[in-house]
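Please read the structure below before turning to the comments.
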Number of protein chains: 2
Amino acid sequence: MTAQDGATTPRWLDEQEMAAWLPLLRVVQLLPQALDRRLRSEAGIGHAYDQVLATLSAQPERALAMGELARLTATSPSRLSHAVAALEERGWVSRRPCPTDRRIQYACLTDGGFALLAGIAPGHVAEVRRVVFDGLDAEDVARLRVLMTTLSGVLAEPPVPSAQVAREGHVRGA
Amino acid sequence: MTAQDGATTPRWLDEQEMAAWLPLLRVVQLLPQALDRRLRSEAGIGHAYDQVLATLSAQPERALAMGELARLTATSPSRLSHAVAALEERGWVSRRPCPTDRRIQYACLTDGGFALLAGIAPGHVAEVRRVVFDGLDAEDVARLRVLMTTLSGVLAEPPVPSAQVAREGHVRGA
DNA sequence: CCGTGACAGTTGAAGGTTCAAGCAACTTCT
DNA sequence: AGAAGTTGCTTGAACCTTCAACTGTCACGG
C-alpha cells in the first residue's frame, strides 16, 4: 500500500533512507518526552522552559531581550511570551523594560530561578548522558555532531514559501 | 554553573559532546515543527495523526488494535485514543469491536482516510527529503541510521523505574 | 508634524498532549 | 462460581503550543 503510483511523487524513500528515517522519527518523538518527564518530576517544568532558564543563565547579566531569547532557543515569540509569563508567575524570571527602546522587554533570571537551575542541572545532564552519550563512543559523537549540524542548518532556513518543493528528477536506486 | 562535584554530578558534557548535543536538541525541536506545518497546511492534521493513518495503511486489512497501533507509533494509549477520536470524527478512521475479546477496539482506515493519505504522501515525502536527505550522501545516511537506531533503542527502554533518582534536591512547590 | 510602515512583544482561542482516574471485559485462583 | 487482579481502552482536567489578530513603539518621508 505504498503510494508509488503518482506521476507527481518526487521519489520515494529507498530502503537505506527508510532504515534511517524511522529511527530518527522515533528519536525526535521520544527524546523530548524523556527529557520532559525527568524535568517535570523534578522541577515541575518541561524542557522547553528549562531551556529558557538555562539560556538566560549563560548570559553575562542573566538577562536577554525577548527577541534574542526567542532566537537562541529557536522558539516563536508567542511561545516565549507564554513561557516567560509562566516562569515569571513562579518567580524564576522577571521582566524589565529597555531604557533606550521601549518596545523591547528584557527577561531576567532571578536568584530563585538560578537556584532552581542549579538544583536540576545535575539530574538533567545525567539524563542526557543516559539517553544519548552513554551509548556512543567518541567517533559516534563526532558523526552525530556533523549530521545534526547539517540537519539543523536546513531546518533553520525559512519554511519554503509554497508549492515549489517537488521538482526532483534524479532517480538513483530504488 | 560548571558542576564537577563527582559524587552528585555525573560529569558535565565536554566540548565535543556539547557540540553534538546543541544541534541535536535543535533538530529534535524543529523537525516535528517542520513536518507539522507542512501537513497541517495540506491536510489539517499534525504529523502524529498522519503517522497513525500511515501505520494503518501499511497493515494488510488497514486495521489494527488500539494497543498495537499505540506500540507501533510509540504513543501513549491516551494520546492514541484522543487521536483516533478526532480522526473518526473527520471520517478517516472507524472503530470496530473485536469479536473474540470485547476489551479490544480495532481502528480501521476508511476509504476516505486512505484517499487523504494518498493525497498528502507525495508532499510529505518531498518535505522529508528536503529537510533530511537532500543534505546527506549515502554514507551520511548509513551513519544516521546507526546512530538513530542506537538512540531509539535506549529511549524505548522503560523510563528508569527507580534506579538513580536518589539525589532529589526538591525545589518544587513554590 | 503627521502618516505610513516596520518592528517587538502580547493576547486569546483552538487544538494537541499528558497525567491520573476510571470503566469494562478477561484471567486466575480457590 | 465468585473474588481479586490484570488488561485494554477511554475520559476529563490541566497544561503547552500554535495561529491570527492586536497594541504600542520606532523609523522614515512628505
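Order of the sequence lines sets the chain letters (A, B, ...), proteins ahead of strands, with each chain counted from 1.
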Measure from [atom1] on [X] to [atom2] on [N] and round the result to the nearest Å.
| X | N | atom1 | atom2 | result |
| --- | --- | --- | --- | --- |
| B:His82 | D:dC16 | NE2 | P | 17 Å |
| B:Arg90 | C:dG15 | CZ | P | 8 Å |
| A:Leu35 | C:dT18 | CG | P | 13 Å |
| B:Glu88 | D:dC9 | CD | P | 14 Å |
| A:Arg37 | D:dC15 | CZ | P | 19 Å |
| B:Arg40 | D:dC19 | CZ | C1' | 10 Å |
| A:His47 | C:dT17 | NE2 | P | 16 Å |
| A:Leu39 | D:dC16 | CG | P | 13 Å |

Practice prompt. Report yes or no: is the cationic atom of A:Arg62 (NZ for Lys, CZ for Arg) closer than 6.0 Å to the six-membered ring centre of A:Phe114, at no more than 45° off its axis?
Written response: yes
Fill in: From CG (A:Leu30) to CG (A:Asp36), nearest 0.5 Å
12.0 Å
Worksheet entry | Reported CD-to-CG distance for the pair A:Glu139 and A:Leu144, which is rounded to 0.5 angstrom | 13.0 Å
Any base atoms under 4.0 Å from [X], or only sugar-phosphate, or nothing? Heavy atoms, all strands.
| X | result |
| --- | --- |
| A:Ala86 | nothing |
| A:Ala70 | nothing |
| A:Arg71 | nothing |

Between the protein and nucleotides 22-27 of chain D, which nitrogen or oxygen pairs are less than 3.5 angstrom apart?
from, atom 1, to, atom 2, distance (Å)
D:dC26, OP1, A:Arg102, N, 3.0

Discussion item. Quick check against the 3.5 Å criterion: does B:Glu17 have a side-chain atom that pairs as donor or acceptor with the backbone of B:Asp14?
Written reply: yes
Item to complete: Before accepting this row, confirm whether a basic side-chain N of the pair A:Arg37/A:Glu127 lies closer than 4.0 Å to the acidic partner's carboxylate O.
Response: no
Item to complete: Go through A:Leu147 and B:Arg143 one step at a time and tell me if the side chain to side chain contact (heavy atoms under 4.5 Å, CB included) criterion holds.
Response: CA-CA 8 Å; A:Leu147 287 168; B:Arg143 292 185 188 121; 4.1 Å; yes
Worksheet, complete the sentence: In numerical order, the residues of residues 73-81 of chain B whose heavy atoms come under 4.0 Å of DNA chain D are B:Pro77, B:Ser78, B:Ser81
Worksheet entry | DNA chain D: 5'-proximal contact among B:Met66 and A:Ala48 (nearest heavy atom) | B:Met66
Item to complete: Check each of A:Leu117, A:Leu87, A:Leu35 against A:Asp50 using the side chain to side chain contact (heavy atoms under 4.5 Å, CB included) test, and report the only one that passes.
Response: A:Leu117
Practice prompt. Check whether more than 12 heavy atoms from other residues, nucleotides or ligands sit under 6.0 Å from atom CG of B:Asp137, and answer yes or no.
Written response: yes
Worksheet item: Is B:Arg95 atom CZ crowded by more than 12 heavy atoms from other residues, nucleotides or ligands, each under 6.0 Å away?
Response: yes
Worksheet item: Does A:Arg95 make a side-chain N or O approach to OP1 or OP2 of C:dT10 shorter than 4.0 Å?
Response: yes
Worksheet item: At under 4.0 Å, does any side-chain N or O of A:Gln105 touch on OP1 or OP2 of C:dA8?
Response: no
